[in-house]
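Hydrogens, waters and symmetry mates are skipped; everything else that's a heavy atom, side chains included, is used. All chains are named by letter (A, B, ...) in the order of the sequence lines, taking the proteins before the strands, and each is independently numbered beginning at 1.
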Amino acid sequence: MTLRGRVWKFGDNINTDIIIPFRFKSRTNDPYEMAKYCMYGLDPDFHEKIQKGDIMVAGRNFGGGSSREQAPVAIKYCGIAAVVSESFARIFYRNGFAIGLPVMEVPKITKEVEQGEEMEVDLDTWSVKVLRTNKVFEAKKVPEFLANLMKIGGLVEYYKKYQQFPWQTMK
Amino acid sequence: MLSPSQILKDESLTFAEKAISLKTVDGKKLHRVEDIAVVNVDLAMAQDSTGPLAIRVLQDMGINRLWDPKRILIVIDHTYPAADEKVANLHALMRDFSFQHGCVLVEGSISHQHILEEYATPGLMIFGADSHTCQAGCVGAFATGIGSTEIAAVWATGQIWIRVPDSVRINLVGKLQKGVFARDIISHFIGMVGEDGGNYRALEWKGTAVKNLSLSSRACISNSSMECGAKIAVFEPDVLTRQYLSAVRRKPGYEIHAGRIAKYTDEFEIDLDKLEPIVAAPDNVDNVKNIREVEGTPIDQAFVGSSTNGRLEDLQVAAKILKGRKVNPRTRCIITPASRRIYEEAINSGLVDIFLQAGAVFTNATCGACVGTHLGVLGTNEVCISSSTRNYIGRMGSTSAKIYLASPATVAASAIRGEIADPRRYLR
């Protein structure tokens, strides 16, 4: 399963207050409404600039701070297909798998891609490719149950399909 | 099957390895760093900014039955009481859900403080849809934050996966000097390691100075340890923990002490004798400065409150500084207790009289100002000094506002001066 899209590049420490401020996310339960405030802390019009399938690339510690799942939800529902970052804060990373927003940790990736160019994210090999240079970068491996969960599209889809959660069959 | 005492006595295990091994669903083997374990959860909490989404997720999954409603806490604290119609409707959703399933509904106390006052015991496995859930580590619980969808899954099954974290040991030595508090310790530490310096890790707070730290001070440190990404932040139970549990008549759980030959990824020592008041300058929690570097910065608002520093001892030190003095006319000072109990204690012990006479505003318990939702939202280009959790862009309101984080003492001293001030000048 390969996703291809245009790159939106960000720096280090993009925290969840930047991704969606509390006062917006705490007043709705509608993911499309949340999407209108995606990246509000840096660019209130960001959601209007996205083409469906675009990919975010960021530096260290993406998604730090609050546990707010509205952060990955806002990113997913404004049309971003995946987030590739040099590292993720732990709760954001978990939330990515839980809601089915592909999150891949690729060291030093910001040095390899440029704003606006095309890249691919491969959920089978758990790697990314920069089309201009044809270079492939392996993402940090995740346990099989998480890779599988991501391909299925998150916990809601998984539960609908199997009527249980992935860890209920783990030993 | 491994017996709990076998696990508790194993000298090679860290706190996290023991806590997780004690709660795994099969109970057959020890879990060590990097293992993925499935654990039985003792308490599962969500609040009014994560709960509504969790409720929707359960509906999307078609789940109608919950694992154990008495161990599911639904807390309305972030925008309490509702600041507008949209919030009120989400609160109504939470109340309906709680009544329908028989969950424990809590209104008007910050979840982490409520858990400390009513539930936290050593060894308890707590998951909360709020990053600061790790606060309960101050009594030796394993407590950590997750998101809405995962808490929904815990509500359904009582179980969740967890990766066993590597651990970091921090030795606190020496004695805090006048005007220097727990908040300064943790801010100093975050400055040392950076805002992702504890990411995925378990922090074990130890050392000879711990015995002199009150439970509230430990709670501040455990809570704020999240700001460097920590999964859990624990103080092993000691005499003070036992005294507290016995005073509130709560049955102690597993008293977990890390083994003597347990392995740590990193070790730090902080000499409290040398520590001075610390301020985290905008817009990151690890942008820490000695008070001298930022003294004199004009401020529009001074806020004492939040789960990090809204406990009685925080209000007491603020009152000590504000007593007989006035808040600077160019500054507003807002004081928010962390729970209903603290709210009541502040009124009964006369602290509120002092605040009101000084010209401060005393509010009900809520996360309000800390998350910029009500009762202290910042406007364009405003500057705030705050004892709350984070100083990120837009955290307390306008994205152009600037937030300095400090101890309640530093905040109170700054409220009087109308600019960032050293609390040591105001404490005799």
Examine whether an atom of [X] lies under 4.5 Å from a heavy atom of chain A, and if so say whether it belongs to the side chain, the backbone or both; otherwise answer neither.
X         : value
Asn284(B) : side chain
Asn199(B) : side chain
Leu58(B)  : neither
Met61(B)  : both
Thr373(B) : both
Leu90(B)  : side chain
Ile55(B)  : neither
Ser148(B) : both
Ala37(B)  : neither
Lys231(B) : both
Ile162(B) : both

Heavy-atom pairs under 4.5 Å with chain A, option from [options] with the top count:
options                                  : result
Thr157(B), Asp130(B), Asp48(B), Asp84(B) : Asp84(B)
Thr144(B), Ile63(B), Thr133(B), Val25(B) : Ile63(B)
Asp283(B), Thr79(B), Ile160(B)           : Ile160(B)
Val377(B), Thr399(B), Asp196(B)          : Asp196(B)
Ala230(B), Gly397(B), Ala88(B)           : Gly397(B)

For chain B, the option from [options] that forms the most heavy-atom pairs under 4.5 Å:
options                                 : answer
Gly65(A), Gly154(A), Pro72(A)           : Gly65(A)
Phe88(A), Phe97(A), Phe24(A)            : Phe88(A)
Glu69(A), Arg23(A), Gln164(A)           : Glu69(A)
Asp12(A), Asn15(A), Val156(A), Ile99(A) : Asn15(A)

Contact check, side chains of Tyr392(B) and Asn13(A), non-hydrogen atoms, under 4.5 Å: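 SC-SC contact between Tyr392(B) and Asn13(A) ruled out.
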Locate the shortest heavy-atom distance separating [X] from [Y]; write the atom from each residue and the value.
X         : Y         : result
Met170(A) : Val38(B)  : CE-CG2, 4.0 Å
Thr50(B)  : Ser67(A)  : CG2-OG, 3.9 Å
Ser66(A)  : Ser131(B) : CA-OG, 3.8 Å
Ile91(A)  : Met226(B) : CD1-CE, 4.3 Å
Asp17(A)  : Arg390(B) : OD2-CD, 4.0 Å

Members of residues 139-153 of chain A whose heavy atoms come closer than 4.5 Å to chain B: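 Residues Pro143(A), Phe145(A), Leu146(A) are the ones that qualify, each having a heavy atom under 4.5 Å from chain B.
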Interface residues of residues 25-32 of chain A facing chain B - non-hydrogen atoms under 4.5 Å apart: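 Heavy-atom contacts from residues 25-32 of chain A to chain B are Lys25(A), Ser26(A), Arg27(A), Thr28(A), Asn29(A), Asp30(A), Pro31(A).
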Under 3.5 Å donor-acceptor, [X] side chain and [Y] backbone:
X         : Y         : result
Gln159(B) : Trp167(A) : no
Glu150(B) : Ala98(A)  : no
Arg90(A)  : Gly229(B) : no

Interface moiety of Glu157(A) toward chain B, non-hydrogen atoms closer than 4.5 Å: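 Nothing of Glu157(A), per the 4.5 Å heavy-atom cut-off to chain B.
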Residue part contacting chain B, namely of Leu155(A), when any heavy atom lies under 4.5 Å: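 Both backbone and side chain.
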Residues, nucleotides or ligands: over 12 heavy atoms within 6.0 Å of Lys9(A) NZ: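 It does: Lys9(A) NZ has more than 12 such atoms within range.
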Within 6.0 angstrom of Glu85(B) CD, more than 12 heavy atoms from elsewhere: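 Atom CD in Glu85(B) is not crowded, with 12 or fewer foreign heavy atoms closer than 6.0 Å.
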Distance in Å, Thr149(B) OG1 paired with Phe165(A) CZ, rounded so as to fall on 0.5 Å steps: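 It is 9.5 Å, given to the nearest 0.5 Å.
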Mutual orientation of the aromatic rings belonging to Tyr93(A) and Tyr200(B) [parallel < 30°, tilted 30-60°, perpendicular > 60°]: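 Correct class here is perpendicular.
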